[in-house]
> 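This is the structure I have questions about; it appears just below.
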Amino acid sequence: MDAMSQLIRFFGSFTVLKGAARELWLTFAIKFLIVAAYKITFVTINLWLSTEYGMPYQSALNVSFAWGVTMMVATLLVGSLTDALGLRRTFFLGVWVCLVARAVMTFVTIKWIAISGGLFLLAIGEALGTPVLVAATRKYTGIQQRSISFSILYSVMNLGFLAGGLIFDWVRRGLGEYGHWTIPVLGWQLTTYRTLFLTSWVIELLVLPVIWFLREGLEVSDDGEKTIAPPKPFSTPQPIYKTAWETIRKSAIDTASFFVKLVQQPGFYQLLSFLLFIAFLKLVFTQLDWIFPKWSIRVLGEGTPVGHLQAINNFFIIFLVPIVGALTQRFAAYRMVIFGGTITAISVFIMALPPDWFQPLANGWVGNWIGHYYLGLTGVVHPYYVMIAFFVILLSFGEAFYSPRVYEYAAAIAPKGQEASYGALSYIPSLASKLLVTTTAGALFAKYCPENGERHSELMWLFIALIATIAPVWLTALQRYIRVQEAGREDGASQKGLASN
């Protein structure tokens, strides 16, 4: 009955959005479009690098990791730049940078230009957009609306991932894995992967008219809306490039100062240890974006509906996260991370099982529904499709329990007034997981699933599962030393953790 009451209160909380500022809904629309474009690009990058430029897949992963590092650094610098330009101008700048970068990736065939002037420029453009949406959601909501607005933002993000994955499959199915498309009138011919970049460019272009309707300087509180005079970063007689450089320099100084103060906090190293363990769980999701597409093509053949298989996760997360959040909010975030992390690690072991075990299911109604009805396959359904579906479904349940609580934990243990600083550290697992995939997972893929020769995919997945298991095992074993008391919680934090705050 208590759980049902919480669910009723949760869904009733949506009514607080009645009369919300139009900018909040525009923020959700921007989030959807930016994430959809990002998803298409993110899944395509390694396939593009290895196919278009003949890079060994490990080299492509190395480039992708460097791209991720660039985006991380740019993200840390965006805060001060946003303060200087304002949200609306920062959005416009980010979209224009992304449009230029995606155009270069689409039409330029010279490798070093496409990578430096396209791929790495895109990292800066993405950093100017996605993180700013968090600030926009906070700015355009009152206290009563804030919690549910961030829940909706998380669901909208997954809707964007879902749309991007389905479009990824739609283009590949229409053109073939290594096909071509000729642009009408112009007569320019693009490969399948460059066509995907062009598709993401079109989606990015749709963001511009949405941003246009944002009101400059608007802020929302429980007392209503108010307009603050927008900043004038370029009102000085200096050239624009000098003013922009000064802004970047100040951002770098502020970021360095932020880290110096952060490492001096008593609970910093406990949180850092916690987040580094979370990276072993994030490895699974980075693997799905960077390794899984290429693995699927090698094992299941060209045109494998990778996007539809990944979309299973998005379908479930959209509905699971708010429900699980409502039902488990009375439990400590640390415990929920261990519980969800355990489910996440267990899910990967499904892929390490012999495919023959799933052949009866693949030949029955389960395989028929997954393969023929959902994926649109013809002929015999490979048992791996059933295994992947089960794996992704169970993975989604684990994610729903642990992923949102990671951010909650970072905020809950932060010293008063430093919630944003601690929240910024939540990017660490994402970056660390990219490093793990680039080194460990990439090497496993090369060894057990080579382009030519005998393959042992089950061993690759077994090692990935064992690596993911490191997180829940050690978070449990070391919680006495690394767990910090969460604000408003009384259960089970170590005395060392209590002392740290």
> Of the non-hydrogen atoms in V386 and A362, which two are nearest, and what is the gap between them?
CG2-CA, 3.8 Å
> Between T344 and E399, do the side chains contain a donor N or O and an acceptor N or O under 3.5 Å apart?
no
> Can you sort out the partners of W212 under ring-ring contact (aromatic ring centres under 6.0 Å, His included), two or more places apart, ordered by chain and number?
none
> Compute whether any side-chain donor of one residue and acceptor of the other, for T286 and S433, lie under 3.5 angstrom apart.
yes
> Does any N or O in the side chain of R172 come within less than 3.5 Å of the main-chain N or O of P305, such that one atom is a donor and the other an acceptor?
no
> Assess the side chains of H456 and E454: does a donor N or O sit below 3.5 Å from an acceptor N or O?
yes
> Return each pair, listed once, that meets salt bridge (Lys or Arg N to Asp or Glu O under 4.0 Å) where at least one residue sits in residues 98-119; pairs must be two or more places apart or across chains.
R102-E126, R102-E204
> Under 6.0 Å between the ring centres of W461 and F445?
no
> Between F197 and W48, what is the ring plane arrangement, given parallel below 30°, perpendicular above 60°, and tilted in between?
perpendicular
> Hey, are T438 and N62 close enough side-chain-wise for a donor-acceptor pair under 3.5 Å?
no
> Determine whether K282 and I278 satisfy the following criterion, side chain to side chain contact (heavy atoms under 4.5 Å, CB included), listing intermediate values before the conclusion.
CA-CA 6 Å; K282 290 290 185 182; I278 297 301; 4.2 Å; yes
> Regarding Q359 and N363, do their side chains bring together a donor and an acceptor under 3.5 Å, going by distance alone?
yes
> Centre-to-centre under 6.0 Å for F274 and Y334, is that the case here?
yes
> From the options F358, W295, F391, F390, select the one residue that forms a ring pair (Phe, Tyr, Trp, His ring centres under 6.0 Å) with Y384.
W295
